[in-house]
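First comes the structure, then the notes that go with it.
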Amino acid sequence: MTDKWEHLDAAMTVSSKKTIQELFKEDPARAEKFSLEAAGWYLDYSKNRIDEKVMKSLMKLARESGLKEEIERMFTGKKINATEGRAVLHTALRNLDPKAKIKVDGKDVLPGVRRVLAQMGDFSDSVRRGQWKGFSGRKIKNIVNIGIGGSDLGPVMANLALTPYTKRNLKFYFVSNVDSTHLAETLRSVKAAETLFIVASKTFTTQETMSNALAAKEWLISEARKAGLSLKDAKGAVAKHFVALSTAAKEVAEFGIDVKNMFGFWDWVGGRYSLPGAIGLSLMIAIGRVNYKKLLKGYYKMDRHFRTARFERNMPVILALLGILYSNGYGAESYCCLPYDQYLARFPAYLQQMDMESNGKCVDRDGNQSYRETGPIVWGEPGTNGQHSFYQLIHQGTHLIPCDFIGCCRTHNPIGDLHDKLMANFFAQTEALAFGKSADECRKEGVPENLVPFKTFEGNKPTNTLLCEKLTPETLGALVALYEHKVFVQGVIWNIYSFDQWGVQLGKVLAKGVLADLTAKKPSGKHDASTNALVAKYRKALGR
């Protein structure tokens, strides 16, 4: 098992003695050599602790891990999510090849994908054109997406990212937290007669989502009654103000939603990979079906690149291998995502779930303890905000933190020279991180000797730079697919299952017992001493 790592360890032993600055001095063509373009994105990975020997060793590691075969198994619908017995086919949601066929259990899934997309398109058109009316006959002006995890983070991120393409007279809200404040503050901002709720839950049993959905339903009925409707008509109004992203027809109907307004998805799509399907309904309403098709086109372009490009020129593979290098070679525990575009403000949070829920595993595919570190901690903030916050730690702290910088050559909002200043900071930060500032340079600038240690920058901090011409539906789709495939590649090399998430279950199961004790006449006392004490303190505060 350990053999496939030995050549990488050997290559690193030599290359790690050279700094990024030294590597650039040795090879003037380095920036051109370690860069490539795909699906509208340019990747410069020259500011990494790599040379050709290290990259060859990384490529060998990928091949010896069976990556090529695993890529084909995913794209062709093999059940690579073995612990749940499921295929992994988020790529089918954006497969735009009219001749393609992808079978799961002998059935081609693509006709169903296209039917749901067409249903979404027709529905979004009716809302955008003002044809979908609420109980008072008014047009819908507010859309509230109720979901959690992948049913929330994807739509939130993409809706913000594509704000320039949205229909501005529609307002979008996203409720995920079971904290009542999240729903309450949203409902204060909307009028019931003009609001559409999208409830995203495959089984219609997700506790947080259904608790919020039921509370929103009661609010709607109450508001409809205040508007003069009878109780019967107020309950009937639910069908005009709620739609479902689900496959549980019985539960959807019992809620009061017309099953004709139920948009289905499949168990071969994990929640964190579900944006380009029914979970993206709020986004399609926001940007329209034409722009949504462009989003899918971007996904599809990156999918094709990933599937067909040789590893040495394969953008997701390269990003994944660099991450492997720092996690397993240099012991980096996290990486930072730094989008220099305010529209991508929620992209780091989206990546957190995609990466950490996928590869946060300590057990390999054979059920044994993993002997290598797996999923890193993912974090980040947009633009220059981070520079005035945590960049100090990245530049001069004791932790090695590889960074991905993401930016666009053109802005949607040209105001004076603001975008030039933004991008100047973008490029300068990668330069500063890579090359630093030596003590001698400080002295030449006249820095007092006692301050030289404080103003010296070690440099040699690795970064990737991702650059597109402009943030559009197509480039956003490609960007999301890029990171999806990066995560997949790393899971293959670590020999872990990236598409289950058993780790989220235990706390949810225990919460049911805790909830019973919070509300019971007498708590069971069956928990540990700490939890029992916390339950008692909570009950006392509420006079129970």
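All residue numbers in this chain count up from 1 along the given sequence.
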Sidechain-backbone polar pair: Ser246 side chain, Ala248 backbone, donor-acceptor under 3.5 Å
yes
CG of Leu183 to CG of Asn177, rounded to nearest 0.5 Å, is 10.5 Å
Could you name each residue pair satisfying side chain to side chain donor-acceptor pair (under 3.5 Å) that touches residues 346-355, not counting sequence neighbours?
Tyr335-Asp355, Gln353-Glu357
Going by an N to O cut-off under 4.0 Å, is there a salt bridge joining Arg94 and Glu474?
no
Quick one: does any side-chain atom of Asp152 pair with a main-chain N or O of Ile146 as donor and acceptor, under 3.5 Å?
no
Can you list every pair that meets ring pair (Phe, Tyr, Trp, His ring centres under 6.0 Å) and has a residue in residues 290-310, with sequence neighbours left out?
Phe306-His485
Looking at side-chain heavy atoms only, is the closest gap between Val175 and Val144 below 4.5 Å?
yes
Does the cation-pi check pass for Lys217 over Phe242, that is, NZ or CZ under 6.0 Å from the six-membered ring centre and within 45° of its axis?
no
For Gln490 and Leu319, the nearest pair of non-hydrogen atoms, with its separation, is NE2-O, 4.4 Å
Hey, are the side chains of Asp125 and Arg289 touching, using non-hydrogen atoms and a 4.5 Å cut-off?
yes
Taking the side chain as C-beta and beyond, is there a heavy-atom pair between Trp379 and Ile401 under 4.5 Å?
yes
What I want to find out is whether Asp97 reaches Arg304 closely enough, with some N-O distance under 4.0 Å, to be called a salt bridge.
no
Is the backbone N or O of Thr205 less than 3.5 Å from a side-chain atom of Thr209, with the two atoms forming a donor-acceptor pair by type?
no
Between Tyr391 and Asn385, is there a side-chain donor-acceptor contact under 3.5 Å, judged purely by atom types and distance?
no
Are the charged groups of Glu194 and Lys191 less than 4.0 angstrom apart, N to O?
no
Would you say the side chain of Pro348 lies within less than 4.5 Å of the side chain of Pro339, judging by non-hydrogen atoms?
yes
When rounded to the nearest 0.5 Å, the distance separating CG of Leu295 from CE of Met284 is 9.0 Å
Determine yes or no for a side-chain-to-main-chain donor-acceptor pair under 3.5 angstrom, with Ser282 supplying the side chain and Phe172 the backbone.
no
Are the aromatic rings of Tyr340 and His419 close, with centres under 6.0 Å apart?
no
Go through Asp341 and Ile406 one step at a time and tell me if the side-chain contact (heavy atoms from CB on, under 4.5 Å) criterion holds.
CA-CA 8 Å; Asp341 190 303; Ile406 304 171; over 6 Å; no
Keeping Ser274 on the side-chain end and Gly271 on the backbone end, is there a donor-acceptor pair under 3.5 Å?
yes
For Thr76 and Glu72, indicate whether the former's side chain and the latter's backbone hold a donor-acceptor pair under 3.5 Å.
yes
Please test Leu229 against Arg225 for side-chain contact (heavy atoms from CB on, under 4.5 Å), starting from the C-alpha separation and ending with a verdict.
CA-CA 5 Å; Leu229 271 65; Arg225 292 280 284 146; 5.5 Å; no
Test item: Ser211 side-chain N/O and Glu208 main-chain N/O as donor-acceptor pair under 3.5 Å:
no
How far apart are the closest heavy atoms of Tyr173 and Asn142, and which atoms are they?
CE1-OD1, 3.9 Å
So, do Ile394 and Cys403 sit near enough that their side-chain heavy atoms are less than 4.5 Å apart?
yes
Shortest non-hydrogen contact from Ala278 to Met120?
CA-SD, 3.6 Å
As a quick check of understanding, evaluate side-chain contact (heavy atoms from CB on, under 4.5 Å) for Val190 and Trp219, giving each step before the final call.
CA-CA 11 Å; Val190 301; Trp219 173 81; 3.9 Å; yes
Test ring-ring contact (aromatic ring centres under 6.0 Å, His included) on Tyr483 and Phe347 and set out the steps.
CA-CA 11 Å; Tyr483 279 95; Phe347 193 68; 5.7 Å; yes
Could you check whether Trp502 and Thr83, counting side-chain N and O atoms only, form a donor-acceptor pair closer than 3.5 Å?
yes
Measure centre to centre between the rings of Phe405 and Phe427, then say whether the value is under 6.0 Å.
no
So which atom in Tyr42 and which in Glu37 form the shortest heavy-atom distance, rounded to 0.1 Å?
CD1-CG, 3.5 Å
Could you list the residues that satisfy side chain to side chain donor-acceptor pair (under 3.5 Å) with Gln207, not counting sequence neighbours?
none
Decide side-chain contact (heavy atoms from CB on, under 4.5 Å) for Lys486 and Leu482; before the verdict, give the C-alpha distance in whole Å, the side-chain angles of both, and the deciding distance to 0.1 Å.
CA-CA 6 Å; Lys486 172 198 168 182; Leu482 168 62; 5.7 Å; no
Would you indicate whether the side-chain heavy atoms of Thr472 and Leu476 approach each other to under 4.5 Å?
no
Check the pair Asp500, Lys361 against salt bridge (Lys or Arg N to Asp or Glu O under 4.0 Å), reporting the backbone distance first and the verdict last.
CA-CA 10 Å; Asp500 58 20; Lys361 312 289 171 61; 2.8 Å; yes
Ser230 side chain vs Asp233 backbone, donor-acceptor pair below 3.5 Å:
yes
From CA spacing to verdict: side chain to side chain donor-acceptor pair (under 3.5 Å), Thr411, Asn413
CA-CA 5 Å; Thr411 177; Asn413 303 292; 4.6 Å; no
Under the side chain to side chain donor-acceptor pair (under 3.5 Å) rule, what do Trp41 and Thr475 come out as? Steps first, then yes or no, please.
CA-CA 7 Å; Trp41 285 92; Thr475 54; 4.9 Å; no
Test your reading of the model: is there a side-chain donor-acceptor pair from Thr166 to the backbone of Arg168, 3.5 Å cut-off?
no
Between Glu469 and Arg410, does any NZ, NE, NH1 or NH2 come within less than 4.0 Å of an OD or OE carboxylate oxygen?
yes
Closest non-hydrogen atom pair, Val113 against Ala92:
CG1-O, 3.7 Å
If you count the non-hydrogen atoms of other residues, nucleotides and ligands that lie under 6.0 Å from NZ in Lys139, is the total more than 12?
no
Under the 3.5 angstrom rule, does the side chain of Asp108 hit a backbone N or O of Ile102 as a donor-acceptor pair?
yes
Checking Trp266, Tyr273, Phe488 against His90 for ring pair (Phe, Tyr, Trp, His ring centres under 6.0 Å), the one that qualifies is Tyr273
Arg313 atom CZ, neighbour heavy-atom count above 12 within 6.0 Å:
yes
Using side-chain heavy atoms (C-beta onward) and a distance below 4.5 Å, is Lys301 in contact with Lys297?
yes
Under 30°, 30 to 60°, or over 60°: which ring-plane class applies to His241 and Phe135, parallel, tilted or perpendicular?
tilted
What is the minimum heavy-atom distance between Ala478 and Ala39, and which atoms define it?
CB-O, 3.5 Å
May I ask you to check whether over 12 heavy atoms, not counting those of Lys470, lie within 6.0 Å of atom NZ?
yes
Result for side-chain hydrogen bond (donor to acceptor under 3.5 Å, both in side chains) between Ser498 and one of Thr374, Asn81, Asn359 points to Asn359
Separation between OG1 of Thr203 and CD of Glu251, rounded to the nearest 0.5 Å:
7.5 Å
Does Lys202 NZ have over 12 foreign heavy atoms under 6.0 Å away?
yes
Lys250/Glu254 salt bridge by N-O under 4.0 Å criterion
yes
